[in-house]
Amino acid sequence: MDVAFSVVGEVKNDIIARLLQAVEKAKEKGDLPAYVDPDIRLDIPPRPEQGDFATGVAMSIASEIKSDGRSVAGIIVKHLRIDDSHIVRIDIAGPGFLNFFLDTSWLEKAMARIWTDGPVYGRTSHYNGKRVLLEFVSANPTGPLNVVNARAAAVGDCLASMLEMAGCQVSREFYVNDAGRQVSVLADSLEARYRETLGQEFHFPENGYRGEYLKDLARSLVEDKGRSLLDMGAEERHAFLRDWAVSKMVAWQKRTLSDYGLEYDIWFSEKSLREAGAHTQVIEILREKGLTYERDGAVWFKSTEFGDDKDRVLVKSDPGSSTTYIVPDLAYHKHKMERGFDLMIDILGPDHHGYVDRLAAGLQGLGFPRDCLEVLIVQTVRLCRGKELVKMSKRGGEFISMDELLEEVGKDAARFFFLMRSPESHLDFDMDLARLQSSENPVFYVQYAHARIASIFRQAREEGYAGPVGPNEIKFSLLKDQSELALMKLLASFPDQVYEIAAAREPNRLIKYMMDVASAFHAFYTRCRVLSDDNKLCGARLYLSRLTQIVLANGLKLAGVSAPEIM
RNA sequence: GCGCCCGUGGCUCAAUUGGAUAGAGCAACAGACUACGGAUCUGUAGGUUGUGGGUUCGAAUCCCGCCGGGCGCACCA
């Protein structure tokens with residue numbers, strides 16, 4: 001049984017324990033066969049008339065023993081003890097659902113928990129300190145970040161925050177590909193622009209990076225170093241240009257992500273691994289285990305033994321015996337595991353999905369369990385303005401970088417929009433909509449709820465209310481309107497929502513939840529006037545407003561979106 | 001050809017992971033405060049969940065076939 005740290009979790013566990021007890025009792029009495037051993041899950045049903053919690057366990061038992069759900073439900077209820085619990089009524093509904101109706105004392109407890117936890121409300125110990133390394137974005141240091149990087153950054157950062165709240169120790173990591181061929185091409189491209197800036201003859205490399213940013217970079221290189229690079233030997237110059245360009249690019253990417261409110265724990269250099277000889281070590285290990293062979297002058301890894309659809313080359317047959325990309329990547333992941341992590345999560349772009357099996361096979365070849373690695377594929381983004389698609393090819397002039405996106409719509413809207421959709425579905429990002437400061441834009445719906453609550457408290461202070469009072473000073477039973485009960489149930493479910501969403505790796509559901517909370521609050525606001533002459537009622541509603549504000553603030557923080565006091 | 005992802009009202013997406021009457025937002029229509037922010041709320045209309053089979057108490061969800069879209073299928077990274 002996992003650790004339940006939330007009030008909802010405690011209540012659920014209590015009911016589940018009673019259900020298990022009832023099943024045991026039924027088995028003793030011969031009402032159910034002895035082999036029945038159900039896995040019970042309680043859900044929060046979609047409609048209030050279906051109770052506070054519900055379970056379909058009777059139906060699953062019924063199918064196991066070839067009976068029908070309603071009669072199994074009847075048997076369970078007959079043996080269920082509800083004394084000394086929150087349960088006041090149990091309905092058998094539809095094909096055999098058990099619907100539990102509870103008194104509101106559990107809600108009172110749940111609300112008090114929000115009050116005392118405040119900024120850390122939502123935290124649970126479900127993951128019990130599990131060490132997770134979450135690697136995301138990891139764009140090549142050859143150019144500015146793009147909008148897909150922005151999407152991966154939003155998803156990765158949010159998921160990291162949610163895992164932390166659910167009890168993981170998370171390290172956010174960015175892998176800098178500063179050693180491969182592409183940074184060599186970057187150096188050559190920069191050299192060409194450098195020579196161009198100095199008015200020299202230059203040769204632009206075949207697959208060079210043609211973006212304007214390299215011209216800017218070349219100009220600042222000239223300012224920095226003058227013509228001194230021309231005096232270097234070709235090799236020395238190349239090495240210098242590579243390191244210089246990479247450091248500039250990485251600094252640029254850091255700045256962009258920092259504007260996004262994202263700070264990594266580690267920027268990991270591929271080069272450092274290469275210099276430490278980690279590559280040859282990987283090849284050696286695989287060779288010693290008999291998992292390699294030579295063919296056509298290359299060294300192959302028997303990845304098919306671990307579920308890959310074909311074997312992969314590790315060392316190419318070219319004169320330099322260079323390695324394929326899988327080798328440094330395996331070395332990197334091996335290094336991650338050696339740092340003591342329990343789980344690695346990689347967030348990759350759609351063009352990498354064919355790569356996953358290979359990587360997983362390699363890790364197993366190195367002796368790691370298959371489930372040490374999880375890969376989340378984040379799908380592509382299509383930018384549009386209203387109906388019109390914005391072209392994103394790097395060759396066309398209309399390429400939109402992450403910087404430009406942020407400048408145009410701001411980080412809040414960008415993050416919110418990226419998180420709104422399931423990471424694995426294709427996203428149409430409407431920049432006109434994201435920029436719009438109106439009700440059509442869903443970001444503001446949630447932020448507005450938060451600002452509205454702040455406004456209530458400003459007003460309350462002006463009118464001389466004592467300020468929000470805590471759970472001990474209010475009369476909880478006054479919170480009985482349907483909108484108040486609905487809102488409180490939502491607020492109570494926050495910690496478990498966080499855990500479930502983190503476990504499913506579906507941060508889009510956080511946004512859905514936030515929209516639901518905002519909606520429930522707006523409905524409450526419309527039906528129930530908060531500030532009034534009725535001190536008791538006013539105190540209770542100010543209390544509920546404060547709790548809502550806490551949940552909104554904590555949820556928005558998880559999403560990396562600001563929670564404004566005024567809009 | 002093979003693999004992965006996707007297909008749900010006019011548009012963009014949900015659906016508690018196999019559950020109850022498939023839900024939101026936008027757009028459309030009709031309403032709602034001389035008091036807390038109308039960036040709000042309430043209601044109406046809109047669906048054979050691409051399609052054909054199968055699995056079972058129960059399918060948008062799982063399995064098989066087809067149709068349509070996206071992305072991959074390197075001794076590139």
Side-chain angles (χ1 to χ4, degrees), chain A residues 41 43-47 50 54-56 59-60 62-63 66-70 93-97 99 140 142 177 180-183 185 207 295-300 309-310 312-318 322-326 328-329 349-357 377 379-380 382 387 420-422 424-428 430 433 436-445 447-449 451-460 462-463 483 493 496-497 500-501 504 506 508-509 511-513 515-516 518-519 521-532 538 541-542 545 566-567:
Chain A
R41 213 187 64 220
D43 295 315
I44 297 173
R47 291 167 223 288
Q50 293 164 345
T55 179
M59 279 114 75
S60 55
S63 84
K66 305 283 177 244
S67 174
D68 72 290
R70 290 193 71 97
F97 285 101
N99 293 339
N140 284 333
T142 53
N177 295 114
R181 206 193 57 186
Q182 76 282 0
V183 289
V185 175
N207 292 312
R295 196 180 75 202
D296 307 330
V299 178
W300 295 70
D309 55 0
K310 58 175 111 164
R312 304 292 172 176
V313 170
L314 297 174
V315 183
K316 299 184 223 168
S317 60
D318 64 14
S322 55
T323 60
T324 58
Y325 185 70
I326 184 84
D329 225 20
D351 49 337
H352 281 75
H353 75 251
Y355 181 70
V356 177
D357 286 343
I377 299 288
Q379 280 294 344
T380 48
R382 289 198 307 180
K387 291 268 166 252
M420 216 163 31
R421 306 294 177 226
S422 158
E424 65 198 15
S425 65
H426 302 268
L427 172 67
D428 283 332
D430 186 339
L433 178 58
L436 216 54
Q437 309 254 327
S438 79
S439 59
E440 290 168 56
N441 189 337
V443 189
F444 296 116
Y445 186 78
Q447 290 186 319
Y448 179 62
R452 204 176 209 187
I453 295 169
S455 170
I456 294 173
F457 283 105
R458 281 194 298 274
Q459 181 81 21
E462 264 174 42
E463 294 181 13
S483 65
S493 72
D496 297 84
Q497 287 282 324
E500 282 165 25
I501 291 168
E506 291 174 350
N508 51 303
R509 282 165 49 192
I511 299 301
K512 169 76 162 55
Y513 173 79
M515 299 282 284
D516 287 346
S519 170
F521 177 77
H522 286 311
F524 155 70
Y525 180 91
T526 305
R527 284 175 62 93
C528 304
R529 191 178 162 78
V530 177
L531 300 177
S532 69
C538 178
R541 286 180 174 166
L542 279 172
S545 300
I566 297 173
M567 292 170 67

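Remember, predicted model here, so these are calculated numbers, not experimental data. Within every chain, numbering begins at 1; the chains are lettered A, B, ... in the order of the sequence lines, protein sequences first and strands thereafter. All values below were derived from every heavy atom in this structure, side-chain atoms included, with hydrogens, water molecules and symmetry-related copies excluded.
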Could I get a table of every N or O pair under 3.5 Å where one atom is in the protein and the other is in nucleotides 17-21 of chain B?
from  : atom 1 : to       : atom 2 : distance (Å)
B/U17 : OP1    : A/Arg41  : NH2    : 2.9
B/U17 : OP2    : A/Arg41  : NE     : 2.6
B/U17 : OP2    : A/Arg41  : NH1    : 3.0
B/U17 : OP2    : A/Arg41  : NH2    : 2.0
B/U17 : OP2    : A/Asp43  : OD1    : 3.3
B/U17 : O4     : A/Glu506 : OE1    : 2.3
B/U17 : O4     : A/Glu506 : OE2    : 3.0
B/U17 : O4     : A/Arg509 : NH1    : 2.6
B/A20 : O2'    : A/Gln50  : NE2    : 3.3
B/A20 : N6     : A/Asn99  : OD1    : 3.1
B/A20 : N1     : A/Asn99  : OD1    : 3.0
B/A20 : N1     : A/Asn99  : ND2    : 3.1
B/U21 : O2'    : A/Arg47  : NH2    : 2.6

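- For the P atoms, the distance from B/C75 to B/U12 is 39 Å, rounded to whole Å.
- Within the 4.0 angstrom heavy-atom criterion, base atoms lie near A/Cys528.
- Heavy atoms of A/Ser532 sit nowhere under 4.0 angstrom from any nucleic acid atom.
- Nearest to the side-chain atoms of A/Tyr325 among the listed nucleotides B/C75, B/U12, B/A77 stands B/A77.
- Looking at heavy atoms from C-beta onward, A/Asn177 lies out of side-chain contact with A/Val183 at the 4.5 angstrom threshold.
- Side-chain contact between A/Ile566 and A/Arg458: present, with at least one pair of heavy atoms (C-beta onward) separated by less than 4.5 Å.
- Residues A/Lys316 and A/Thr324 form a side-chain contact, since some pair of their non-hydrogen atoms from C-beta on lies under 4.5 Å apart.
- Of the listed nucleotides (B/C41, B/C36, B/A14), B/C41 has the atom at the smallest distance from the side chain of A/Tyr445.
- Only the P atoms considered, B/G1 is 24 Å distant from B/U8, to the nearest whole Å.
- Remark: the separation of the P atoms in B/C26 and B/G68 is 35 Å, to the nearest Å.
- Among the heavy atoms of the strands, none lies under 4.0 Å from A/Met420.
- Counting non-hydrogen atoms under 4.0 angstrom, A/Ile566 reaches a base of the nucleic acid.
- Taking the six-membered ring for Trp, A/Phe524 and A/Phe521 have ring centres closer than 6.0 Å.
- The nucleotide whose nearest atom lies closest to any side-chain atom of A/Tyr525 is, among B/G37, B/A14, B/C75, B/G37.
- Syn is the conformation of B/U17, whose glycosidic angle sits no further than 90° from 0.
- Contact of the A/Arg509 side chain with the A/Glu500 side chain is registered, since non-hydrogen atoms from C-beta on lie closer than 4.5 Å.
- Comparing B/U12, B/A39, B/A14 by their nearest atom to the side chain of A/Asn508 picks out B/A14.
- The C1' atoms of B/C64 and B/A27 are separated by 39 Å, rounded to the nearest whole Å.
- For the pair A/Leu531 and A/Leu542, the minimum side-chain heavy-atom distance is below 4.5 Å.
- A distance of 4.0 Å separates OH of A/Tyr355 from CD1 of A/Ile326, quoted to the nearest 0.5 Å.
- Rounded to the nearest Å, the gap between the C1' atom of B/A59 and that of B/U17 is 13 Å.
- Atom name C1', nucleotides B/G65 and B/U55: the rounded distance is 15 Å, in whole Å.
- Taking atom CG of A/Asp309 as the reference point, atom P of B/C2 lies 13 Å away to the nearest angstrom.
- Counting non-hydrogen atoms under 4.0 angstrom, A/Asp296 reaches a base of the nucleic acid.
- With RNA chain B read from its 5' end, the first of the two nearest nucleotides for A/Lys512 and A/Ser317 is the one closest to A/Lys512.
- The side chain of A/Ala298 lies closest to B/C75 when the candidates are B/C41, B/C75, B/G37.
- Contact between the side-chain N/O atoms of A/Arg452 and the OP1/OP2 oxygens of B/G38 is found at a separation under 4.0 Å.
- Between the C1' atoms of B/C33 and B/A28, the separation comes to 25 Å (whole Å).
- Here the CG atom belonging to A/Asn140 is positioned 4.0 Å from the CD atom belonging to A/Gln182, to the nearest 0.5 angstrom.
- At least one side-chain heavy atom of A/His522 sits under 4.5 Å from a side-chain heavy atom of A/Arg452.
- For the pair A/His352 NE2 and B/C73 P, the interatomic distance rounds to 10 Å; values are reported in whole Å.
- The two residues A/Met420 and A/Pro442 have their closest heavy-atom pair at SD-CG, 3.8 Å.
- What separates NE2 of A/His522 from P of B/A24 is a distance of 16 Å, to the nearest Å.
- One can place CD of A/Gln379 at 16 Å from C1' of B/C13, the figure rounded to the nearest angstrom.
- Listed candidates were B/C36, B/A77, B/U40. Nearest to the side chain of A/Thr526 is B/U40.
- Atom CD1 in A/Ile456 sits about 10 Å away from atom P in B/G38, given to the nearest Å.
- Rounded to a whole Å, the CG atom of A/Leu427 is 16 Å from the C1' atom of B/C71.
- The shortest distance between side-chain heavy atoms of A/Thr323 and A/Leu314 does not fall below 4.5 Å.
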Seminar exercise, completed: RNA chain B in dot-bracket form (Watson-Crick or G-U pairs under 3.5 Å, [ ] crossing, | inter-strand) is (((((.(..((((.....[...)))).(((((.......))))).....(((((..]....)))))).)))))....
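- When each of B/G37, B/C73, B/A14 is scored by its nearest atom to the side-chain atoms of A/Lys310, the top-ranked nucleotide is B/C73.
- Counting only heavy atoms from C-beta outward, the side chains of A/Ser519 and A/Tyr445 approach each other to under 4.5 Å.
- Place A/Ala523 and A/Ser455 on RNA chain B by their nearest nucleotides, and A/Ser455 ends up nearer the 5' end.
- Look at CG on A/Asp68: it is 13 Å from C1' on B/G58, rounded to the nearest Å.
- Following rounding to the nearest Å, A/Arg529 (CZ) and B/U34 (C1') show an atom-to-atom distance of 13 Å.
- When the P atom is compared between B/G50 and B/C13, the two are found 15 Å apart, to the nearest whole Å.
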